[in-house]
Each structure stands twice: as structure tokens, then as C-alpha cells.
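For this chain, numbers begin at 1 and follow the sequence in order.
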Amino acid sequence: QVQLVESGGGLVQAGGSLRLTCAASGSPFSINTMGWYRQAPGKQRELVAKIDPGGTTNYADSVRGRSTISRDNAKNTVYLQMNSLKPEDTAVYYCNADRYSWGTRLLDNYWGQGTQVTVSS
């Protein structure tokens, strides 16, 4: 089992920055792709950014150029640095991770509980 714990959320003024952290615990071995998703009230959960074990990244168009996702494979931790924040970035941000199962040869998927990010104008 893998547990994902997010931290770093909070209230920030528009134009400001924050850094989200997601740490995997439990049995965090063979962690594959890790990513960040967000869900605003009344909206669908959407991908913000993801990063594979080799460091290849993908970003949502809405955050590309303002955000940087990174990971520390040794610590099984993923980070999301967000700059030039906008009120539209307000949402609950969820960490997501895939872990390879040697038994089934399939990827198990895990979600964190989420951390609130509120951007005030």
C-alpha cells in the first residue's frame, strides 16, 4: 500500500507563488508516474502536471510556463512550484501516483487527500 500526503497549500495573493509537496509513504517502492490534479467547486478534476520516473513532464495549457513539476526519486516525493498565481488556480490540489506491481505487472493508482490552494485577488 502507498499513502500520499500533500502539503504546502494555503492562501496566497494573486501574482504570488507556492510550492506543493507530495510525499509517498508505506510501501513506496517502484513508484512510476507522479502528478498533480486539481478540482475547483463545480468543476471536474483536471490534470495540472505529471512527471515520469525519467523526468519527462506534461503540463496543462492553463499552467504551462507558470508551473514546474519535479521529483526526487530517492525520497519518493513530487513537487509542484506554481508562480504568477491567479484566482482561477483556486482549487483542491490532489497528488496522484502509479506504482508498478510485480505480481500483476500492472500499475496501481493512488490518490492523496488533497490540499487547498486559495488565490485571492
Crowding at CD, Gln13 (>12 non-hydrogen neighbours, <6.0 Å)
no
Less than 4.5 Å apart, any side-chain heavy atom of Asp108 and any of Asp98?
no
Counting only N and O atoms by type, is there a donor-acceptor contact under 3.5 Å from the side chain of Glu6 to the main-chain atoms of Thr21?
no
What's the shortest heavy-atom distance between Ala49 and Leu80, and which atoms?
CB-CD1, 4.3 Å
If you measure from CG on Asn96 to CG on Leu4, what distance do you get to the nearest 0.5 Å?
7.5 Å
Closest heavy-atom contact between Met34 and Cys95?
CE-SG, 4.4 Å
Is there a donor-acceptor pair under 3.5 Å between the side chain of Arg71 and the backbone N or O of Asn76?
no
Check against side-chain contact (heavy atoms from CB on, under 4.5 Å), Leu11 and Ser120:
CA-CA 7 Å; Leu11 177 64; Ser120 62; 4.2 Å; yes
Exceeds 12 heavy-atom contacts within 6.0 angstrom, atom CD of Gln116:
yes
Do any N or O atoms from the side chain of Gln3 and from the backbone of Ser25 form a donor-acceptor pair under 3.5 angstrom?
no
Do we get Arg45 above Tyr94's six-membered ring, with its NZ or CZ under 6.0 Å from the centre and within 45° of the axis?
yes
Quick one: OG1 on Thr33 to CD1 on Ile51, what's the gap to the nearest 0.5 Å?
9.0 Å
Quick one: CG on Leu107 to CD1 on Ile31, what's the gap to the nearest 0.5 Å?
10.0 Å
For the backbone of Ala91 and the side chain of Arg38, can you confirm whether one donor and one acceptor N or O come within less than 3.5 Å of each other?
no
Could you walk me through whether Val92 and Val117 pass side-chain contact (heavy atoms from CB on, under 4.5 Å), step by step?
CA-CA 6 Å; Val92 177; Val117 172; over 6 Å; no
Counting N and O atoms only, with roles assigned by atom type, does the side chain of Thr77 sit under 3.5 Å from a partner on the main chain of Lys75, one being a donor and the other an acceptor?
yes
Going hydrophobic residue to hydrophobic residue with side-chain gaps under 4.5 angstrom, can you get from Tyr93 over to Tyr79?
no
Is there a donor-acceptor pair under 3.5 Å between the side chain of Asn73 and the backbone N or O of Pro53?
yes
Just do the side-chain contact (heavy atoms from CB on, under 4.5 Å) check on Ser84 and Arg66 with the steps written out, would you?
CA-CA 6 Å; Ser84 301; Arg66 300 187 294 121; 4.0 Å; yes
One should read off an interatomic distance between Cys22 SG and Trp111 CH2, to the nearest 0.5 angstrom, of 11.0 Å
One should read off an interatomic distance between Lys50 NZ and Asn58 CG, to the nearest 0.5 angstrom, of 5.0 Å
Check this for me: Gln39, atom CD, are more than 12 non-hydrogen atoms of other residues, nucleotides or ligands nearer than 6.0 Å?
yes
Test side-chain contact (heavy atoms from CB on, under 4.5 Å) on Arg99 and Asn32 and set out the steps.
CA-CA 5 Å; Arg99 185 174 69 91; Asn32 201 262; over 6 Å; no
Could you go through the salt bridge (charged side-chain N to carboxylate O under 4.0 Å, His left out) check for Lys86 and Asp89 one step at a time?
CA-CA 5 Å; Lys86 308 173 182 178; Asp89 294 318; over 6 Å; no
Quick one, Gln81 and Ser17 - any side-chain contact, counting heavy atoms below 4.5 Å?
yes
State the CG-OH distance between Leu47 and Tyr37, to the nearest 0.5 angstrom.
5.0 Å
Please confirm whether the backbone N or O of Pro87 pairs with a side-chain atom of Thr90, one donor and one acceptor, at under 3.5 Å?
yes
Using modelled atom types and a 3.5 Å cut-off, is there a donor and acceptor pairing between side-chain atoms of Tyr59 and backbone atoms of Ile69?
yes
